[in-house]
Amino acid sequence: MTINFCFIHLKPNGGGGCYRGNKQQIILNSRTTVMKLNSILAGTALAAAALMGAIPESSACTRVLYVGQDSLRIVGRSLDWKTPIPTNLYVYPRGMAKKGHSLPGAVEWTSRYGAIYAVSYDGGVTEGMNEKGLVVNGLFCKGTVYNNPETDGRPPMSLAMFPAWILDMCKDTPEAVAMLKKHDFNISGATFDGGTVSALHWGITDAAGRSAIVEFDHGNINIYEGQDLQVLTNDPSYPKMTAINDYWKNIGGTNMLPGTVTSPDRFVRGYFFDNHVEKTGDADLGYSILRSIMANVSVPYTYTSGEANLSATQWRSGANLRDLRYYFDVVTNNGIFYIDLGKCDLRPGASVMKLDVSKSRDYVGEANGHLFKTAPFTPMY
């Protein structure tokens, strides 16, 4: 008996075919095809596993840098966590005396630059942008270890103030890297959300695109510098993550991308789409493009994977480093708003200003008018 038999033959560029023959030939040919397919898939899985190694359970949060035309650079970031992290926006002027911790001998400074901070629990700076177009984003990284015996005697620095210190004192990434490489501080931080340790790493980018990824490994500070470093997520460490991304770059991405909410998958998707979108110098269009990329790497609201740290996106930010606009996108809000830092009074002696995000449900567009005078936030040392 002769019959027609159709199958799908997976190849990088797609394709398919049909067998025509007797039943026994069809079975043999089909088995051969399946065996070849299984071999291909097994090889792919082994290659990926070899690159990825043992990746710890990762938490969500993603940072993506969009580089457009006419010096347009916008840094997007998502904040994902298992419980609500109330976050408000604060604008601080120049010339304010600050300290990094309540402990004796803590790092102290007087701010050189005004900045906008995203402050979680009204007690700790998660990220921010200063008036020179420098942005600092802190993302969860479970492999972080800040201290060792050598750091114990150094001046204390709280995680609640660490990003503010960088933004207050540095006009660009090279200055930030030089300050951090001295490592004349000892980082510590209060736990949150019922005892969770604030294990973080940071992405730093300036208006010229000079970038640095800052990680702490058993008390040692590792800084990875480069031009327009595009993506940062969570675990594993940045060098291992870029190795995983290099593997996927060789595959392509047009026909297949990893689709889970895990940190490596979000990194790969963010990198691919960031390199395959239109480059524009228009601020509004540029943010719209970045916003769509951030939606692609976000975790859908109310979704849970069964792992507490892989949780829904609560808000997304966008720091336009050229035009000094800081966008804020709360996923339960009707619209998106931004603070134009260039219109804020950042002169020494000016008031600290605050935007209460809990009241921002209907804010759309420029929201400077919703800022109000406030006392400085109280750090959660």
Side-chain angles (χ1 to χ4, degrees), residues 55-63 77-90 98-103 106-107 115 117-128 135-148 151-152 154-168 176 179-180 183 185-204 212-223 232-238 241 263 266 299 307-317 357 376-381:
I55 298 175
E57 175 190 348
S58 35
S59 62
C61 282
T62 305
R63 165 205 167 276
R77 178 264 173 78
S78 68
L79 187 286
D80 314 343
W81 195 248
K82 59 186 177 180
T83 56
I85 298 182
T87 303
N88 290 314
L89 305 185
Y90 285 78
K98 301 179 187 179
K99 59 181 181 178
H101 211 291
S102 58
L103 294 173
V107 177
Y117 311 138
V119 182
S120 296
Y121 303 107
D122 272 343
V125 179
T126 301
E127 65 169 33
V135 64
V136 178
N137 309 98
L139 280 67
F140 201 79
C141 182
K142 289 184 68 176
T144 296
V145 178
Y146 297 114
N147 313 116
N148 61 34
T151 67
D152 287 345
R154 298 173 185 173
M157 169 61 72
S158 170
L159 288 169
M161 294 299 293
F162 182 64
W165 179 46
I166 299 171
L167 294 169
D168 289 354
M179 185 173 75
L180 294 175
H183 203 176
F185 54 89
N186 184 33
I187 285 190
S188 63
T191 60
F192 70 100
D193 193 25
T196 300
V197 176
S198 298
L200 303 171
H201 60 177
W202 291 269
I204 303 174
I213 306 301
V214 180
E215 299 183 331
F216 286 81
D217 180 12
H218 294 89
N220 299 312
I221 186 169
N222 297 325
I223 302 178
L232 180 66
T233 53
N234 313 108
D235 299 278
S237 64
Y238 187 70
M241 187 71 81
S263 177
R266 287 181 282 109
V299 181
E307 298 179 23
N309 291 334
L310 288 173
S311 305
T313 297
Q314 299 183 23
W315 53 260
R316 292 176 284 258
S317 67
V357 172
F377 71 88
T378 301
M380 296 169 55
Y381 294 125

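These values consider heavy atoms only, across backbone and side chains, with no hydrogens, waters or symmetry-generated copies.
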Phe216 and Phe162 aromatic ring geometry - parallel, tilted or perpendicular at 30°/60° bounds: perpendicular
State, without any angle test, whether Thr313 and Ser78 hold a side-chain donor-acceptor pair at a distance under 3.5 Å. no
Separation of Ile204 CD1 from Asn137 CG (nearest 0.5 Å): 9.5 Å
Please report the shortest heavy-atom distance between Ala115 and Leu167, naming the atom on each side. CB-CB, 4.4 Å
Report yes or no: do Ser311 and Asp80 form a side-chain donor-acceptor pair below 3.5 Å? no
How long is the straight-line distance from CE of Met161 back to OG of Ser102, given to the nearest 0.5 Å? 11.5 Å
For Trp165 and Phe185, take the angle between the two ring planes, folded into 0 to 90°, and tell me which bin it lands in: parallel under 30, tilted 30 to 60, perpendicular over 60. perpendicular
Could you measure the distance from the OG1 atom of Thr87 to the CD atom of Glu127? Nearest 0.5 Å is fine. 9.0 Å
Please state whether the rings of Phe140 and Trp81 are parallel, tilted or perpendicular, taking 30° and 60° as the class boundaries. tilted
Under 3.5 Å, is there a donor-acceptor pair linking the side chains of Thr144 and Glu215? no
Does the separation of the ring centres of Tyr90 and Tyr117 fall below 6.0 angstrom? no
Are side-chain N/O atoms of Thr62 and Arg266 paired as donor and acceptor at under 3.5 Å? yes
Heavy-atom check, side chain of Leu159 versus side chain of Ser188, under 4.5 Å: no
Are any non-hydrogen side-chain atoms of Ile223 and Ile213 less than 4.5 angstrom apart? no
I'd like to check the side-chain hydrogen bond (donor to acceptor under 3.5 Å, both in side chains) partners of Asn147; sequence neighbours left out, ordered by chain and number. Asn186
